[in-house]
Amino acid sequence: MGEAVEIMFGNGFPVIHKDTSPIQTLHSNQQDCHWYEETIDDDLKWSFALNSVLHQGTSEYQDIALLDTKRFGKVLVIDGKMQSAERDEFIYHECLIHPALLFHPNPKTVFIMGGGEGSAAREILKHNTIEKVVMCDIDQEVVDFCRRFLTVNSEAFCNKKLELVIKDAKAELEKREEKFDIIVGDLADPVEGGPCYQLYTKSFYQNILKPKLTPNGIFVTQAGPAGIFTHKEVFTSIYNTMKQVFKYVKAYTAHVPSFADTWGWVMASDKEFDVDVNEMDRRIEERVEGELMYLNAPSFISAATLNKTISLALEKETEVYSEENARFIHGHGVAYRHI
């Protein structure tokens, strides 16, 4: 085995390793191989062979990297956590977006909290009922380099139905007078010192977000890792917090290969989720332009059928997410390192 040399970025990026071992290389004529390494927990890491580092830097709010990986294509990394990978982001974004839009009888307006890479907007704009999408991301730098490098979302960024706002989503929602049929939380995971954790709190859901939903409105958010070993990090707490604010709450999960884990989403409404399998598939056929790669009605039913461990954990969870009592996943944001 060759000696692995650590290359540390000065701004807090995860380690990138250079390994010259012929056993580690992916091609027989390749002498060097660089690796991106993400720390999942104190005793667990996840590594990817790299083609190149397309972008790295620290914005006002977070560390940002865009990597070209051999296995998963272009990968967006924020505060040391993978947010999206080119090869399988369709799983995450189809699960985040389409169930809520399909359960709604006639969704016309959507507000996205976060979503700077443009993939959530891309999926929303596949629905022919949509008239307006507001995408509100706090970080101009993230939006700028995603528009430059993630060409799969170019049409979404140019769509006349999309209104792009660079601002704190909490402040933007609070000041807007209009209401939305769907509000989407396409946010980074809550880490200490990160910009997003306040958008997972009961006070935010109750006092700011819910009043901005129409009577049939649905809120859906990504809710972090939801695997056997990871569901208690934030997933169960987010679910229980939403139960304190909305009458009906539905959790569902799917395996995302590039995340090396099962991922969770939670959607909530004061109107019951009563669309059956046949009706959901009918709505996909009537409303969605183009083919979905992952989601159909049976796969959603499967995603919402949780295993015994996860189901019991959701049922027994008592913690409510608040500014004073926040749960975080492993890692730290820019603000934490400046303390």
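Residue numbers count from 1 along this sequence.
By the ring pair (Phe, Tyr, Trp, His ring centres under 6.0 Å) test, Tyr205 is found to be paired with Phe219, residues two or more places apart in sequence or in another chain being considered. Partners of His104 under the ring pair (Phe, Tyr, Trp, His ring centres under 6.0 Å) rule, at least two apart in sequence or in another chain, do not exist in this structure. With sequence neighbours left out, Phe111 forms a ring pair (Phe, Tyr, Trp, His ring centres under 6.0 Å) with Phe180. Legend: residues meeting side chain to side chain contact (heavy atoms under 4.5 Å, CB included) with Ser311, ordered by chain and number and at least two apart, are Leu306.
Cluster membership check: Phe90 shares its hydrophobic cluster with Phe72, using side-chain heavy-atom separations under 4.5 Å among Ile, Leu, Val, Met, Phe, Trp and Tyr. No continuous path of hydrophobic side-chain contacts links Val249 to Leu312 [ILVMFWY only; heavy atoms under 4.5 Å]. Leu199 and Val320 are members of different hydrophobic clusters when ILVMFWY side chains are connected at heavy-atom separations under 4.5 Å. In the hydrophobic clustering of ILVMFWY residues, with side-chain heavy atoms under 4.5 Å counting as a link, Ile166 and Val184 come out together. Placement of Trp265 and Leu292 within a single hydrophobic cluster is found when ILVMFWY residues are connected by side-chain heavy-atom separations under 4.5 Å, directly or transitively.
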(request) Let me see the working for Asn159 and Glu155 under side chain to side chain donor-acceptor pair (under 3.5 Å), right down to the final yes or no. (result) CA-CA 6 Å; Asn159 195 299; Glu155 288 188 17; over 6 Å; no
(request) Might you work through the salt bridge (Lys or Arg N to Asp or Glu O under 4.0 Å) test for Glu285 and Arg282, ending with a clear yes or no? (result) CA-CA 5 Å; Glu285 183 69 23; Arg282 186 187 70 80; over 6 Å; no
(request) Starting from the C-alpha separation in whole Å, work towards a yes-or-no answer on side chain to side chain donor-acceptor pair (under 3.5 Å) for Glu141 and His55. (result) CA-CA 11 Å; Glu141 188 170 342; His55 175 94; 3.3 Å; yes
(request) Please lay out, stage by stage, how Lys210 and Asp270 fare under the test salt bridge (Lys or Arg N to Asp or Glu O under 4.0 Å). (result) CA-CA 10 Å; Lys210 186 176 179 180; Asp270 281 345; 2.8 Å; yes
(message) Pair Ser299, Asn296 - check side chain to side chain donor-acceptor pair (under 3.5 Å), show working.
(response) CA-CA 5 Å; Ser299 67; Asn296 57 14; 3.0 Å; yes
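For residues 274-317, the ring pair (Phe, Tyr, Trp, His ring centres under 6.0 Å) pairs, not counting sequence neighbours, are Phe103-Phe300, Tyr252-Phe300.
Remark: Lys247 NZ is loosely packed, at most 12 non-hydrogen atoms of other residues, nucleotides or ligands lying under 6.0 Å away.
Contact check on Glu38 versus Lys45 returns no salt bridge, with no Lys/Arg side-chain nitrogen under 4.0 Å from an Asp/Glu carboxylate oxygen. Note on Lys132 versus Glu178: salt bridge recorded, some NZ/NE/NH1/NH2 to OD/OE distance being below 4.0 Å. One finds a salt bridge joining Glu123 and Lys126 here, because a Lys/Arg side-chain nitrogen approaches an Asp/Glu carboxylate oxygen to under 4.0 Å. Salt bridge Arg176/Glu172: present, at least one basic N to carboxylate O contact under 4.0 Å. Using a 4.0 Å cut-off between charged side-chain N and carboxylate O, Lys70 and Glu86 make no salt bridge.
Although no hydrogens or angles enter the test, the distance criterion places a donor-acceptor pair under 3.5 Å between the side chain of Trp46 and the main chain of Ser258. For Asn153 (side chain) and Glu117 (main-chain N/O), a donor-acceptor pair under 3.5 Å exists by modelled atom type. Judged by distance alone, the side chain of Ser269 and the main-chain N or O of Gly217 form a donor-acceptor pair under 3.5 Å. Formation of a donor-acceptor pair under 3.5 Å by the Lys74 side chain with backbone atoms of Ala85 is not found in this model. Judged by distance alone, the side chain of Thr129 and the main-chain N or O of Pro107 form a donor-acceptor pair under 3.5 Å. A donor-acceptor pair under 3.5 Å links the side-chain atoms of Thr201 to the main chain of Gln198, judged by distance alone. Judged by distance alone, with hydrogens and angles left aside, the side-chain atoms of Asp186 form no donor-acceptor pair with the main-chain N or O of Gly114 at under 3.5 Å. Remark: side-chain polar atoms of His98 are not paired, donor with acceptor, to backbone N or O of Glu94 under 3.5 angstrom. Within the 3.5 Å criterion, the main-chain N or O of Val142 finds no donor-acceptor partner in the side chain of Arg147. Checking side-chain atoms of Asp137 against main-chain N and O of Asp168 turns up no donor-acceptor pair under 3.5 Å.
Clustering of Ile, Leu, Val, Met, Phe, Trp and Tyr side chains at separations under 4.5 Å places Ile228 together with Phe229.
The only member of Val275, Val288, Asn278 that meets side-chain contact (heavy atoms from CB on, under 4.5 Å) when paired with Arg283 is Val275.
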